[in-house]
Amino acid sequence: PSLVLQMPRGNLEGISPRGLVLPYVMSKIQNGEIHEAFDIMRRQRVDLNLIVDLNPSNFLSCVADQLICQIEKIDSINLFISSLIDVDSTFKYPVPSWIRQGKPGATNVYGDDSKVNVVCRKMRELMLSVEKDGITSSGKAVEKGHFLLPILSTFAKENPPKVEEALSLIKDSASSAQAKQSKGKSVLISEYVQSSIQYLAFLSDYELIFNTALGMYDFDLAKAVARHSQMD
């Protein structure tokens, strides 16, 4: 969706007008080409909530799975989750009538919950399922722990944040890697666990994480959190 203009002096300039970018991106989302749509939206600074808001019911039924299968970079999935807000982005990005055709009416697909919570739960459910099966619906092999950071993002993004569940996931992931650690060394002080806790602290508050770890009556986990929060 680019336009090449020749300036009065004769030099050429390429631009991407928002009037061309938005319909193009919407058509790509509608056709299930999520990777291309995401890449253009990120470069053109289009609100990533549009992927959900264009058709919420369709996102929950198939687009969420397509997003996980097509977007390989974990940082990109984290960016999508962190950008979620409880606002309908189609108010600032009007949907053309030719794209809106066939789109369901204003039915509340989120029920009594918020958009962010529903989308986070759906993404987490899909990522955990893919890790359990070891393969995506498109046939790509996935190792256990591949989606750890995006799953932590879904816990931290929900309102209220599910910090206890996030810490439990980190500990379970660490326990599964126990065999790779040398004997006598706690797996909770491994680089894998520490980087996960640092990432969770980036999304949430260190004091909240530390107090949650203490509330779980897990002293080793609390020490692992305190190591990076100057609370030890």
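Both Tyr199 and Leu208 belong to a common hydrophobic cluster when Ile, Leu, Val, Met, Phe, Trp and Tyr are linked at side-chain heavy-atom distances under 4.5 angstrom. Follow the hydrophobic side-chain contacts under 4.5 Å out from Leu128 and you reach Ile77 in the same cluster. Transitive grouping of hydrophobic side chains (ILVMFWY, heavy atoms separated by less than 4.5 Å) brings Trp98 and Val25 into a common cluster.
Scanning for side chain to side chain contact (heavy atoms under 4.5 Å, CB included) contacts around Ser76 gives Phe38, Ile71, Lys73, with sequence neighbours left out. Taking Asn159 as the reference, nothing meets the side-chain hydrogen bond (donor to acceptor under 3.5 Å, both in side chains) condition, with sequence neighbours excluded.
In this structure, NZ on Lys157 lies 11.5 Å from OG1 on Thr154, to the nearest 0.5 angstrom. One finds the CD atom of Glu131 at 12.0 Å from the OG1 atom of Thr136 (value rounded to the nearest 0.5 Å). Rounding to the nearest 0.5 angstrom, the gap separating the CG atom in Leu48 from the CG atom in Leu79 is 5.5 Å. Rounding to the nearest 0.5 angstrom, the gap separating the CD1 atom in Ile51 from the CD1 atom in Ile29 is 5.0 Å. To the nearest 0.5 Å, atom CD1 of residue Ile68 and atom NZ of residue Lys140 are 10.0 Å apart. Note that the CZ atom of Phe80 and the CG atom of Asp75 stand 15.5 Å from one another [nearest 0.5 Å].
Counting only N and O atoms by type, the side chains of Asn78 and Ser153 include a donor and acceptor under 3.5 Å apart. For the residue pair Tyr24/Glu36, the side-chain donor-acceptor check at 3.5 Å is satisfied. Looking at Asp113 and Asn117, their side chains do bring a donor and an acceptor atom within 3.5 Å of each other.
You'll find the side chain of Val95 reaches within 4.5 Å of the side chain of Leu54, heavy atoms only. With a 4.5 Å cut-off on side-chain heavy atoms, Cys120 and Leu84 count as touching. The side-chain heavy atoms of Leu148 and Ser196, taken from C-beta on, include a pair separated by under 4.5 Å. Residues Met41 and Leu50 have side chains in contact (heavy-atom distance under 4.5 Å, counting atoms from C-beta outward).
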* **Evaluation steps, side-chain contact (heavy atoms from CB on, under 4.5 Å), between Ile209 and Leu167** => CA-CA 8 Å; Ile209 299 173; Leu167 289 174; 3.9 Å; yes

* **CA sep, side-chain torsions, deciding dist, call: Val142, Ile135, side-chain contact (heavy atoms from CB on, under 4.5 Å)** => CA-CA 5 Å; Val142 172; Ile135 190 171; over 6 Å; no

* Let me see the working for Ser137 and Asp65 under side chain to side chain donor-acceptor pair (under 3.5 Å), right down to the final yes or no. => CA-CA 8 Å; Ser137 58; Asp65 182 62; 2.6 Å; yes

* Step-by-step side-chain contact (heavy atoms from CB on, under 4.5 Å) determination, Ile74 to His146 -> CA-CA 8 Å; Ile74 294 300; His146 177 72; 3.6 Å; yes

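Contact record, Met26 with Pro94: CE-O, 3.6 Å, taken as the closest heavy-atom pair. The two residues Pro56 and Asp53 make their nearest non-hydrogen contact at CD-O, 3.7 Å. What you find for Leu126 and Ala64 is that their closest heavy atoms are CD1-CB, 3.6 Å. The shortest non-hydrogen separation linking Leu200 to Leu152 is CD1-O, 4.4 Å. Nearest heavy-atom pair, Gly32 versus Gln66, reported as atom, atom and distance to 0.1 Å: CA-OE1, 3.4 Å. The two residues Ile99 and Pro23 make their nearest non-hydrogen contact at CD1-O, 3.7 Å.
The main-chain N or O of His35 is never found under 3.5 Å from a side-chain atom of Asp39 such that the two would form a donor-acceptor pair. Remark: side-chain polar atoms of Gln6 are not paired, donor with acceptor, to backbone N or O of Asn11 under 3.5 angstrom. The backbone N or O of Ser83 sits less than 3.5 Å from a side-chain atom of Asn49, completing a donor-acceptor pair. Within the 3.5 Å criterion, the main-chain N or O of Phe155 finds no donor-acceptor partner in the side chain of Glu165. Formation of a donor-acceptor pair under 3.5 Å by the Asp47 side chain with backbone atoms of Ser89 is not found in this model. Side chain of Gln70 to main chain of Ile34: a donor-acceptor pair is present (N/O by atom type, distance under 3.5 Å, no hydrogens or angles). A donor-acceptor distance shorter than 3.5 angstrom exists from the side chain of Asp88 to the backbone of Thr90, with no hydrogens or angles considered.
Environment of CZ in Arg45: sparse, with no more than 12 heavy atoms of neighbouring residues, nucleotides or ligands closer than 6.0 Å.
With a 4.5 Å cut-off between side-chain heavy atoms of Ile, Leu, Val, Met, Phe, Trp and Tyr, the cluster of Val87 takes in Ile85.
Looking at Arg124, Lys115, Lys122 one by one, the single match for salt bridge (Lys or Arg N to Asp or Glu O under 4.0 Å) with Glu158 turns out to be Arg124.
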